[in-house]
Every structure is written in structure tokens, then in C-alpha cells.
Amino acid sequence: MNLLSLPILLPLFSGAVLLLLPKRALRTLMALIAAILTLLVDLSILRTVLRGEVMVLQMSNWPAPWGISLVADGLTGIMLALSGLIALLTVMFASSSLAHEPRRGQSKTLNQLRERFGFQALLQFLIMGVNMSFLTGDLFNLFVAFEVMLISSYGLLLIGNELPQLREGFKYVVVNLLASAVFVVAAGMMYGLVGTLNMADISVKIAEYSSSHGADARLSLLAMMLALVFATKAAVFPLGFWLPSAYPVPVAAASAFFAALLTKVGVYSLIRTFTLLFPQEQLIHTILLVLAAFSMLVGAFGMISQSRWRHTLAFANISSIGYLLMGVFTTGSAGMTGALYYLIHTVLVIFCLFLIAALGEKIAGLKYTVEGHLNSYPWLGIAYFASALALAGIPPSSGFIAKYSLISASLRAGGTVNNWVAAAAVITGLLLLYATVEIWRGFFWGESHAVHKVVLPRGMTTTTVFSLALVISLAVFSGPIYKLAQRTAEQLMTNEAYTKAVLVEVKTPRIGDPALPTDELEEDTH
Amino acid sequence: MTAEALLILSVIAPFLGAILAPYLGRSLKARAGYPLILCFLPALFLVQYAPAARANAPLTAGFDWVPALGLSVDFRADGFSLMFALIVAAIGILILAYGAAYLGKSERHGRFFSYLLSFGGAMLGLVLTDNLIALFAFWELTSISSFLLIGFWGSRKASQDGAEKALMITALGGLALLVAVILLAIAGGTQQISTLEFATLRSSPLFIPALGFLLLAAFTKSAQLPFHLWLPTAMEAPTPVSAFLHSATMVKAGVILVAKFGFLLDWGLFSQIIMYVGLATMFWGSYLALRQNDLKALLAYSTVSQLGILMSLYGSGHAFAATAHLVNHAAFKAALFMVVGIIDHETGSRDISRLGGLRRKLPISFIIALPAALSMAGVPLLGGFISKELFYEEMFHEGFLPMLIAVTGSIMTFAYCLRFLKVFFGPLRCENPNVHEASLRLWLPAAPLSLAVIAFGILSINPLKGLVFKSDTLAVWFTNLAAPSFGYEPGHLYLWHGFNLILGLSALTWALGIGLHLFRDPFHRFQQALTPAWNNNTLYYKALAGLEHFSSWFTHKTQGASFASHLRVIVLAFALIGASVLWRYLPENLSPVPLAFWLVALLIITDIVGVLMAQNRLSAIIFAGLAGVASTLLFVLLSAPDLALTQLLIETVTIILFLSVFRFLPRLHTYVRPRSLTLIDGLISLGVAGTIFTALLAVQTPIADRIKDFYLDYSKSIGGGYNVVNVILVDFRGYDTMGEITVLSVVAVSVFALLRIAVKRAKSESNDD
Amino acid sequence: MTRHPEIVFRTLAMPVVFVMLAIGFHFFLRGHNAPGGGFIAGLIVAVTALLARMALDRRLLRLEPKTLVPIGLLIAMITGVFPMFFGDAFLKSAHGHTHWPFVGDFEWASAALFDLGVFLVVIGTTLTIIELLAEDSREENS
Amino acid sequence: MEILLPFLAASLVGAGVFMVLSRALIRVIIGLSLISYGINIAILLAGAGTGLAAPPLLDVEGPYVDPLPQALILTAIVIGFGTTALLLVLSLRAYQATGTDHVQELTKKPDPVEVLGSYADPERPSISPEYGPAEKRVKDNKQS
């Protein structure tokens, strides 16, 4: 079960070592090895939890409510596997792109400085934070994990000191500090009210209390605070204003990782909070469902309004968060199944699109309205077209399956709110299609004015092809993956397996616990 | 090969071809079209299962895609589907051959054939599938691949626009279809089209919305009024594409939908709605076709008009007549488009007013075009005549108004067919002096279609049986193939119905059609005078511009709003939360407050006021620092020595930090907020404070015992330390501390990078942001 | 600033630095049993180092403070990983009595090693930030 | 006690929020530190209550206050210290780079929308021949 600590320890270790390594090649190698190992660990965890098992690791051997537990159920397994994949691809992409100029017309020293000043290490710490968030079974530790993740993201956002980075970085940091403040106070209050921080324990205690006392406004209060925090991190409308300006400013690899995973950590936390801790807060579920509908539309409108690659895609991210939450908060496991499938889909697709955007920026600068690149870069065109179809939910892409299952679940659930949300989802599909077609028209069609062809770095294109392959294989293997999502969703609907696995050994620890051999430690204590 | 495999292959093969095409295109150039014909052959071989289809025992096959979602790619070659698949495959083959001759050397051949084949595959899938979701999937695929085809010459703005318009409008219909299939699946309890039951569906409240969405989908795709605007601009595509899209495939998808779900639509008002929409489209399409000068545009509007006929026939339940006309239309329209392509290819123009007398220069093309155009006009002995007679007959039964519209529409149809043929007659007019007949490779693919047009009519006269004029061969075979799907009796097509009212109407049509052609100039002026300033096309662009405008306005308003107002949203949300438990949990009896606490409280309040009132940086920093000291004191009073110590040290270091950058910090400007904003901010801040306050009161009585005793009990014995807080930090919750020092490390790295990588001044920043 | 206070400052600084260092280590060692611990000690030592830097213009450590950060992180982490080789969970702690020659009875805890990591990270981070800021402002001035 | 201490925590947070909503960089930073003071007190009050008891040092006589919130706050303080330091350096850099301490001026506006260009007209699809003699033109367009 110590396996569970590895997705955190491996990046931590490699992050620390990366700070000490003197050569670029060594750093690249180290980062790659760490990412590959982490991915392998993630996959083996996924394999175990797919058997329906819930893996638990009690940190420091302290039993559940007192120590900190690491827990992996199906949802965690999926998230970890995604994070492992995306992390590896990001490391690959970054190590190639940091050796070249950031985008057309800039000098490449800036990127080299970024690399030298710890980009890869920050990335590893970010991965650690993300994995920590997915694995932890403790509310306060989730706060710590968020902080590790956020502080690394500040670092990645700012590294390079370009003007937009500083400008948007300030806003990003302030917003997240506010949200973190709410989070930590909510965690403290949760301890005050429920008397424990272990999420399984909280779940059990709240369920017990609710069954005997009925609804309690104090619990709703905490639920709303947590919802506020996670919705802000997930960039749900109207709390997501910070995202579209912040995500496009760092290096492309960082943008891609942010867009693919960081907001999803917010969504993950929302799923955990509202399936495990507060499944009974129906009002908040409905509020979030309505906000989800708005997020979809607002994201799509935002996409249409932009003309720069990554700004447009940042709005696409907001829209996808809307779709996700629509599934999460639609009653019943069908919606959750759709949401989980959509989650896998959107992580891969958004990531792939960001990589394509990075290549696009390399070819023609920040805007995609410089036409006529289809003939020079047909493969890029294919990659964009395939992933844009997936984004807009056009068959036979994975996006279509995701969209279909979400809308179908929503319509099946019935009721006014659900119907309107489904309508919003349908309309958003059209708007997304329009926005992606505009990029296609703006960048690939049209008359080419390019004087010479930009040579794209090998590493960057290879990584893009890999991630495109992931997007396509998701569509091909939709059957088993959807099944997986379905099983995980059913697991999420009942908390029993989770809480039982975590709270299994409530015996007090024995005094004579086997201690470490003494001789190894002696020298160091002075 | 088993029958099932063949059925699946017939849909898959074009897609495989689409993947191969770019490679073939690289080596074979335009000639890649010929080997790719193989991709449509499996579909053509399906003809051997026609007897089974006629016996209502159709071939089925398929595979699961996402079984948990009920999504399987099922195919079912029932009569109608099989008939349509054969048409698609046959015309597809001819188009591939035509395209191979048509495309110039500098084109992107591989890409062209790739798009074309994926479109063909999508179309075959659409007609053959038996699964609701797969139906939608293939439907969208046709939209997407037609988008690529129409925009094949993507460097031209008009092509881009035409492609986008077609995509947006058909995708709008696609979304309606998505909702429709979901509702049908919910209401019918199955996702298999062939097992949907009218009775089950009818009893569901979702039935009417489902039908409504279904109709919307059909109308958009089949270019019915008022969604017909995309079809004419789709003519920006290369002509082989237009020939494929507008004869047998893309535009017929809506008709297919109405045909496949006809058993549902023949209910209540729906059939009337479809019929009248179809008739209106037919009328308006032929009216607009008359005023076109571009041969391709003329054919485009004629397609709109013909689709109206099909739609009204299927809608009103006259599947037999509809199917007969569908077969005819596919043949003559594809032939006509190919001829237009030839004219364009050879003369360099498609402008009717600049062309004439081509009969002499392009004799073969003329021979091909003549029967096709006459069939479209409804001249006897040709297939078009037969189906138009049927159309008249059915409309005659429907009532006077449908009859009237049908006849007027047909008169104009007759007129524009003559107008089309005008380019072959009269004195030679052509800008290209060296005009000559197209090569064999170009006209040969068009010839079989023209032959079919003739065969549908004339060849079927059986001289032995005298004047029966029963047209009982190919067309009938096709039409009757679809019979089991609609439940009509296999019938006959008659060239001769005897002298009756229908024939009279036909004669009237011819006469008035010729008249209209002769007096076309005044009519044209009349049309010009009636042209409104706006139409649905301008509306479409207005809507797009409106969408862009709204998006940008909205995004500007929300994203571009001040940062402070963004923050306001978050804190306001937090403030509102407090309202939910406001004042409910006031403690009942208050314990006395020791003096020390009063003093700390005084200090904190003073500091807060000091910070809020501070006019310069130093005093603000000092007051904030004092607030920190005050909270340290509070920690001491509340028995938290570790906290107090830490807070004090942090305070010290922070002050050092502030002071070391002090000189470079901006002065404490008081940017004056508008008074209303100050008020709002004040209220929001009060709200936040209120939330914290009430929440703190509310959580003072826990709902379950807190877990603290464990730490106190085992801190010494197992943790090995007397300071429980420290033991928690390094042992019980040492993992938190691990995260905490990671945070600190990252801060060090980030600050190092921030301070060591030189800052570019705003002035020297390159302008690309 | 006149010369005299500066000399006074300098003479005073040396003993102050030593006293503060002693206090810092004291806080570090007693952390497990009384208020203190790696974090508090780290801050004290960092402030001391700053003082030494400013008053004596001397670095307490040869190392760049930035290097302390990963080292501290690794120490803390490896302490935590160690029990994993014995099949225990990450960060499983151990403590006990042992007898060292010349030192006598000594009470040790693996947690102290972990705290050492914290200690180093805190020193490293604090010094990095403040020293760099000081350098930065010096460059700006020149 | 039950009212006074929550009141203090709440007023610190409230004042902090008011400062954060102002428009000067420094005020925002100071506001954030006020918020963190308030929140630390709030966590202590929420978790350990307002009652008085001995500090959680086992060599002192009990009963002890709840040690867990103290440990949580310690972690929170350290993290807060780190982020404040980063924010301070960042705002210094932002100020140096932009020359403004007005938070609003740091914000940039989104792009203006582009005017929709000329468009296809279904009544008159581009009559210009698409092929034949025009082949050269199409070709030229592609290659330029």
C-alpha cells in the first residue's frame, strides 16, 4: 500500500534533485525518468482500484481519523492516470520547447533562462501537488495539497518575467490567496463542527447526524464555503474570470498542463465534497447545476470573442468545466458516468489543443487569424481538426459520446432545471463548433502569406502526435472506458466502500510498535 | 465473405479509402480517383440482397461501440436503405471517375478524394444504420465532411463562407436531431429504429417535442424554407462535389429522415406541416431558379425546389410517388451538374448570359444534357414525366391549394429547364475561342446517368402490349425495392394514364412554361422589382455578426471588468453564504472576558482603524504589523505558545522583507473609489465579516466529539514528545509539514527566478500582446 | 549614519549573533518537548544570518542559501521514506533512548531528523528571498 | 468571550477584504495579511473554542486546549508566509515593469472584435469560373 505514496514522493524527490543538477541534459533526463516512473505507478494504482478495491495508506502508521490517510478509489485512479499521462507529455513537450524560442520572433535565451531557473523542478512540484490533491483523504491535507499545487503554478506562471506574466500573475495569485483563505477557514470550521478532518470520518459523522437531526444550516454553510472555494478553482461562472487571462501567459507547456489538469482538480474536489461529504445538500447541487449551464455558454461566447490561440482555448476550458459539472450534479449515476467520461475526454482534448496552439504560435505568433497554413502544415491541420471535432462534440469523436451521454442523462432525469441545462448544453455545442471552425478558417484556410516555412522542433511535434493519438484512441476504445466510468460512478454513488476501507482499523496503536534500528539515525541527531 | 461482413464493409470501405487517398494522391495525382472506385463497390454488391429486402427479411449486421450507452453501429439493409445505398454508391463511383478527370494538376488530389470518400461513407452509414445514435453520428459526419468539401478551395473567402454556412445550418439541425433521437430513445425505450413502435411513442409526453426536433433537423438538412440559404452557397465547392452533394446525397438526408420516420410523422398536423413546407420550398426554389444567371446557381435552386417536392410527397405519406421521383431526381440532377462542370471546364464561364450555341461545339455534352433537362422539366417519355404525373395526382387528392402550388411551381420549373438548355441553342457565344468538346474521361461518367434518365421512361415501353406504356423496368425496380419499408404495394409506373385531368394539367404546365420562357424578360424585371432588401441570408449574417458582437460585448463586460469587481464577486458570494445561518446560533450564556482580552481587542481595533485610515506606506505597514503582534498576544492568551512564537518571528521577518523593498515600493496612493463603490465594498466587507462571525458562533458546539484526546494520550508514549503541537506537526500530521516545506521550497525557487531573470520594462515590451 | 554607531553595532553584533545562534539551536532541539521546533529555529537562525550579513558583512555559510532548500527537502523526505523499506508507511516515526560514549544518555527521535529538513528549508528560503532582495536593490541603486 | 473573539476575527477579515477591494497594490497586500491574521484566529476559535485551558505541553498540568487547530494554524501561517513573500516580490516586479501600482491598470482589456468581412451571397455564388482558364489563377493563389 506504500505504492500510494509514490505518485507524491517521486515528483518531490525529482523536483528536489532537479534543483541540484547542474546540466540541462541531466535535468531533462531526470524529469523524464521521474515522469515515466510516476506514470507507471499511477497505472498500477489504476489497475488495482479498477477491481473495485479502495486502496488506503495511513501516513506515519497512524490510524484513520488521527493521522492522514491516502485513499485511492476508482475516481482517484482515473485522475492519477490522467495526471501521469499529461505530466509525462508536458515534461516531453517542455524539454523540447524550452530549447527553442517561445514563439515566433522572440529570442530563445528567455526560454533557456526559464529552464535554468527551475522550470522542470517547478513542474515536478506541480505534479506532486496535483497528485497529492487526488490522493489525500483528509480535508486539511487537501488544503496543503492545493497550496503545493498553487504555489508551483504561481512559479510556473511567473517564470520568465514577461510583462503579461507579471500582470496576470498578480491577479491569479490574489484570487487564489482569497480562495485559499476561505478553504482554510472552512477546514478549520469543519474540525470545529464535526470534530474530525478525515473525509471518510466526516462523511460518516455527517450522515449519522443528518439521519438523526435532519438538515442543519451549519452543514450547509460549510458545504457552501467549500463549494465556493472549489468552484473558484474550477473556474465556474461567475467565479472563473481569472482563468482566461491567466492561463495563456506562461510557457505553452505550462499552459497546457494548467488547462488540462488544474481546473480539474477543482472539479475533482467538488465531486468528492458533494458525493462523500454533502450528498444531501440538494439546493447547492441545483445552484451549481445552474452555474454549470452558465459556464458552458459563457465559455463558448468567450471563445467566439477571442482571436488568440490560447485565449480562445482558455475559454473552451471554462465551457468544458460547465459540461463536467452538468454531469456531476445531474441526479443519478448516469450523469456522473457522463461526467467522468467527459472528464477523461476533456483533459486529453484540451491538452492536445493547447499543444497545437503552441505549434500555431510558433508558426505565426499569438493570433490564429494569420491564414493559409493548411498546405504547409497538413499534419497540424489534421491534428487540429480531429481535436476540434472532439471539443465541439461532433461524431465520431470522444466528445460526441461524452456530450451525448451528458445530454441524454440530463433529459432522462427530467424536470425544468435539467431540461434547461440540457438546452444550454445543446446550444453550447453549436457555439463551440462555430468557434472551432473560426480557428480553422483563420489559421488553416485562406491565402498563405508565409515567406518561409517554420521548422517545428521534433520533440514538440512528437508530443503533439502522442497526445493526438490519445484523443483518437479514447474514441476508439470508448466502450471499455465508458464502462470504467460507469463502474466508478456507481462506486461514487455509495460511500460505503470508501469509508469502510479508510476507517477499517480504529484500534489504538500498540505502545511497543517496532521501532527503527537505532544505529542509522544516531549520527544525524546532533 | 459473409453477408454481414459485406454490409459492414460497404460502409467502412469508403472511410478506409479516405485514409489511403492522400498516399494515392501523392503518387497517382488525379488518377487516384480510379482505383478508389473500389471503395464503393462493396455497397454496390449489396444489390444481391435486394430479394431478401423485398421479402421484408433484410440483411442486418453491426458491431458494438459503447455498449454501456446503447451505442452500437448497426446496419440494416431494408428496402429503402438498400435502394438508397445503391444510388449513393453508383453515383459515387461516377463522381470519382468524373473528379479524376476534372481536377487540375495543381490541386490537392489526395485531400479531395479523401474528403469525398469520407462523405460517401458517412452517407452510406446514414442510410443503412438502424441505431438512433449512430444515425445522428453519421448525420453529423456528413455535415463535417461536406464542410471540408465545400471549402476545398479554402483560400477563397466565398468558399470558406459557403462551407461555414452549410456547416452551421446543418449543425443546427444536427443538434435538433440529437435531442430528437434522445427523446425518441427515452420515449420508445429502444435505440433501434426498426423496433420503435408508434403506439409506445404516442403515449409518451415526449412524442410531440421529439417529432418537432426531428422535423427541424430534416428541414435544415434538406434545405427547406427558410433554411434553404446554405444550399446555393454550397455551390462554391468544386463541381464534382456539387454533383454528388446535391443530387443523391447530402441534401437528401433530411428526406431520408422523413422517409425513415414516416410512420411517426404521418400523424395529426405533422404531415400537413411537412407537405406545405415542402410545397412552399418547391414554389420558392423554382421562382428563384428562374432569376439565376449562373448555371450552377440555377441548378442549386432547382435542387431546393425538387427537394420541396420530395419532402411534400413523403410528408403527406405518398411514399411510392416520392421514391419514384427521388430515383429520377438523383439521375438527372447528377447528370446536369456534370454537364455544367464540363461547360465551365471548357468555356471558362457559367454565366448564362454569356453563353450560347454550345450545341455545335459540345455535341456530346448536349446529348447528355438534353434528356436530363427535359426529364427535370417533366417532358413525356422520360422518367421525370412519370414521377411528376404521380406528384400531380397526389396533390390533386390533397386539395386545391396544394394542386395550385404544385402546378405553378412546375410551370416555373419548365421555364428554367428551357433556360438551362438555352446555352446550347442560338448563335455561338463563348469567351474562349478554342472551345472544344471535353475529353472522353470527363463526359463518360455523365453518360450513364443520362441513359438512365431515358431508360426510366422510354425504354420501358413494351411494344408487344401496345399502348400500355407501363414503365416497368429500372425505375420500378428501384421504387418497388423500397416498398416493404413503407408498406405500400409494389406498383407500376405508367407513362400513359389516359386522357384525364392530370394530363390536362401537364399540358397546361408545358404551355405556360414555354410562355414564361418566351416572356422571361418582363418576368425577370418583375422579379427584380420584388426583391426585398433583406432575406434569410442577410438575416443569417446579421445573426452571425450579432453573435460575434454579443460574445465580444459580453466577454468584454465580464472579463474586461475591473479586477476589483471580479474579486467582489468572490467575496460577495462568501458574504451571501453567511446570510443562511445569520444569528441563529448565538450562545446562550456568555462567559466573562478577562481584562487582557479587552486590551488585545482594543489593540486590534485600533490597528484596523489605523490601517484603514493610513495615508502613507510606513504607517500602513506598521499598523498591519501591530495587528500581527496583537494576534500573537491573543495566541499567548489562548494557550498557544508555539503559534505565538511562530507568529512573532514571521512578523519580524515579514517586516524585514517589507523594509528591504521599502524604497522601491510605490507610495500609498489613495485611488479614490466612487462613493457608491466605497459603500458597496463596505457592505460586502461587512457581509464577509458577518459570515465569519456567524459561522464562528455556529460551529462552537460540535455535532460530534472532536478527536483531540488521542493526540494528548499518545503524544508522549508513541510520538516521543511532550509538545503535542510539535508532535502533531512532525509525526501525527508530518505529511502536512512535508507539503508545507515543499511550499516554502517552491517559493524560494520562484522568488529566485523572479528576481534573477531581468524584467523587461513595459516600454521595450514587444508589441505582440 | 555616522561612524560611531556603526562601530558599536559591529562590536555588539558578534556576541549577539552567537547568542542568537545558540537560542536557535536550543529551540530546534527542544522543539519536541517545549515550544520550538525546526520552523521556529530556522527563522531565528535566518534572522541571525541576516544580522551577520548586514553587520559583519560575513556569511554564516559557504553554501548559497538556495542550495539549502533542496537539501533540506531531501533530508526530510528521505527520513520519511526510510521506514518504507521496513514495510511501514511513509513518515513512520521512531524514538528511543541510546547511550553514546562521552555524551551520555541521549533521547533521540526520527522526527528530529525530519525537523532538521524543515529547519534547513526555512533557513534556505528566508535567506534566499531577503538576500536576493537586498542584492536587487543594491543593483537598482548603482 | 464567545462574542468578543469571533468579533475580532471577523473584523480583521472584514477590514482585510475592504483593503483588498481597493486599487493600490500595497493595500491589497496589507489587506491579505489582515485576512490571514483574522483567519488564523478564526480557526483557533472554531477548533479549540474560546474556553481557557492549559497549553498542550504535557509537562504542564491539564486539562489542555485542543492541540490540533494549533498545528493546523502553524501550517497555515507558514504557507501564508511563503505566499506573502512571493506576492510581495511579484508586486515589486510588476510595479517595476509597468510603472503603476494601480491594480486596475495591470488589467488589460480583451481584443476588440474584428469586423465581419465580405461574405458569400447565395443569390450570386461567385460567378468567376472556378476552373478551365481560371486554373492558373487558383493555382497562383495557392502557391503565393
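When reading the values below, keep in mind they use all heavy atoms of this one structure, side chains included, and skip hydrogens, waters and symmetry mates. Just so we're on the same page: letters track the sequence lines, and every chain starts at 1.
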Minimum-distance pair of heavy atoms, taken over all atoms of [X] and [Y]:
| X | Y | value |
| --- | --- | --- |
| A/G479 | B/P67 | CA-CD, 4.0 Å |
| B/A753 | A/I159 | CB-CG1, 3.8 Å |
| A/W445 | B/G154 | CB-O, 3.5 Å |
| B/V569 | A/P238 | CG1-O, 3.7 Å |
| B/Y735 | A/I8 | OH-CD1, 2.9 Å |
| A/E447 | B/S155 | CG-O, 3.5 Å |

pair [X]-[Y]: side-chain heavy atoms closer than 4.5 Å:
| X | Y | result |
| --- | --- | --- |
| B/F138 | A/P396 | no |
| A/W62 | B/R733 | no |
| B/L544 | A/Y434 | yes |
| B/T701 | A/R218 | yes |
| B/F554 | A/L297 | no |
| B/P702 | A/V194 | no |
| B/L178 | A/K403 | yes |
| A/F301 | B/L547 | yes |

Between [options], which has the largest tally of heavy atom pairs under 4.5 Å with chain A?
| options | result |
| --- | --- |
| B/M168, B/K708, B/M738, B/E164 | B/E164 |
| B/Y711, B/W65, B/F752 | B/W65 |
| B/L172, B/L148, B/V688, B/L141 | B/L148 |
| B/G739, B/S745, B/A704 | B/A704 |
| B/V746, B/I182, B/V66, B/I703 | B/I703 |
| B/L567, B/D731, B/V749 | B/D731 |

Select one option (side chain, backbone, both, neither) describing which atoms of [X] are under 4.5 Å from chain B's heavy atoms.
| X | value |
| --- | --- |
| A/I68 | both |
| A/I394 | side chain |
| A/L431 | side chain |
| A/M128 | side chain |
| A/V229 | neither |
| A/L389 | side chain |
| A/F241 | both |
| A/L126 | neither |
| A/W242 | neither |
| A/E147 | both |
| A/S478 | both |
| A/L411 | both |
| A/L228 | side chain |
| A/Y191 | both |

Please flag which part of [X] lies under 4.5 Å from any non-hydrogen atom of chain A: side chain, backbone, both or neither.
| X | answer |
| --- | --- |
| B/V571 | side chain |
| B/L71 | side chain |
| B/L183 | side chain |
| B/A163 | side chain |
| B/F732 | both |
| B/Q160 | both |
| B/F147 | both |
| B/L696 | both |

Chain B: which of [options] shares the most heavy-atom pairs with it under 4.5 Å?
| options | answer |
| --- | --- |
| A/S408, A/A179, A/G118 | A/S408 |
| A/F400, A/F119, A/Y341, A/F125 | A/F400 |
| A/R412, A/Q486, A/M190 | A/R412 |
| A/R116, A/M189, A/K205 | A/M189 |
| A/G446, A/A300, A/G155, A/G15 | A/G446 |
| A/I206, A/L150, A/V182, A/L156 | A/V182 |

Check the side chains of B/R756 and A/N161 for a donor-acceptor pair under 3.5 angstrom, ignoring hydrogens and angles.
->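 On atom types as modelled, these side chains do not qualify, holding no pair under 3.5 Å.
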Side chains of B/T555 and A/S305, donor plus acceptor under 3.5 Å =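 The answer is yes; a qualifying pair exists.
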Tell me, with the steps shown, if A/I151 and B/S750 meet side-chain contact (heavy atoms from CB on, under 4.5 Å).
-> CA-CA 9 Å; A/I151 201 98; B/S750 312; 5.5 Å; no
Interatomic distance, B/I757 atom CD1 to A/R114 atom CZ [nearest 0.5 angstrom] |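 Atom-to-atom, B/I757:CD1 and A/R114:CZ are 7.5 Å apart.
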List in chain and number order the residues that pass side-chain contact (heavy atoms from CB on, under 4.5 Å) with B/D705, two or more places apart in sequence or in another chain; answer none if no residue qualifies.
->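 Listed in chain order: nothing, the list is empty.
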Can you pull the salt bridge (charged side-chain N to carboxylate O under 4.0 Å, His left out) pairs that have at least one residue in residues 562-571 of chain B, sequence neighbours excluded?
->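 For residues 562-571 of chain B, and leaving out neighbouring residues, the salt bridge (charged side-chain N to carboxylate O under 4.0 Å, His left out) pairs sorted by first residue read B/R568-B/D681.
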Would you find more than 12 non-hydrogen atoms of other residues, nucleotides or ligands less than 6.0 Å from B/F213 atom CZ?
->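 Result for CZ/B/F213: open.
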With a 6.0 Å cut-off on ring centres, are A/Y404 and B/F136 close enough?
->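 No.
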For a side-chain contact (heavy atoms from CB on, under 4.5 Å) with B/I707, tell me which candidate from A/T196, A/N198, A/L197 qualifies.
->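 By the side-chain contact (heavy atoms from CB on, under 4.5 Å) criterion, B/I707 pairs with just one of A/T196, A/N198, A/L197: A/T196.
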Go through the steps for A/I304 and B/E548 under the test side-chain contact (heavy atoms from CB on, under 4.5 Å), then give the verdict.
-> CA-CA 6 Å; A/I304 294 173; B/E548 294 267 357; 3.8 Å; yes
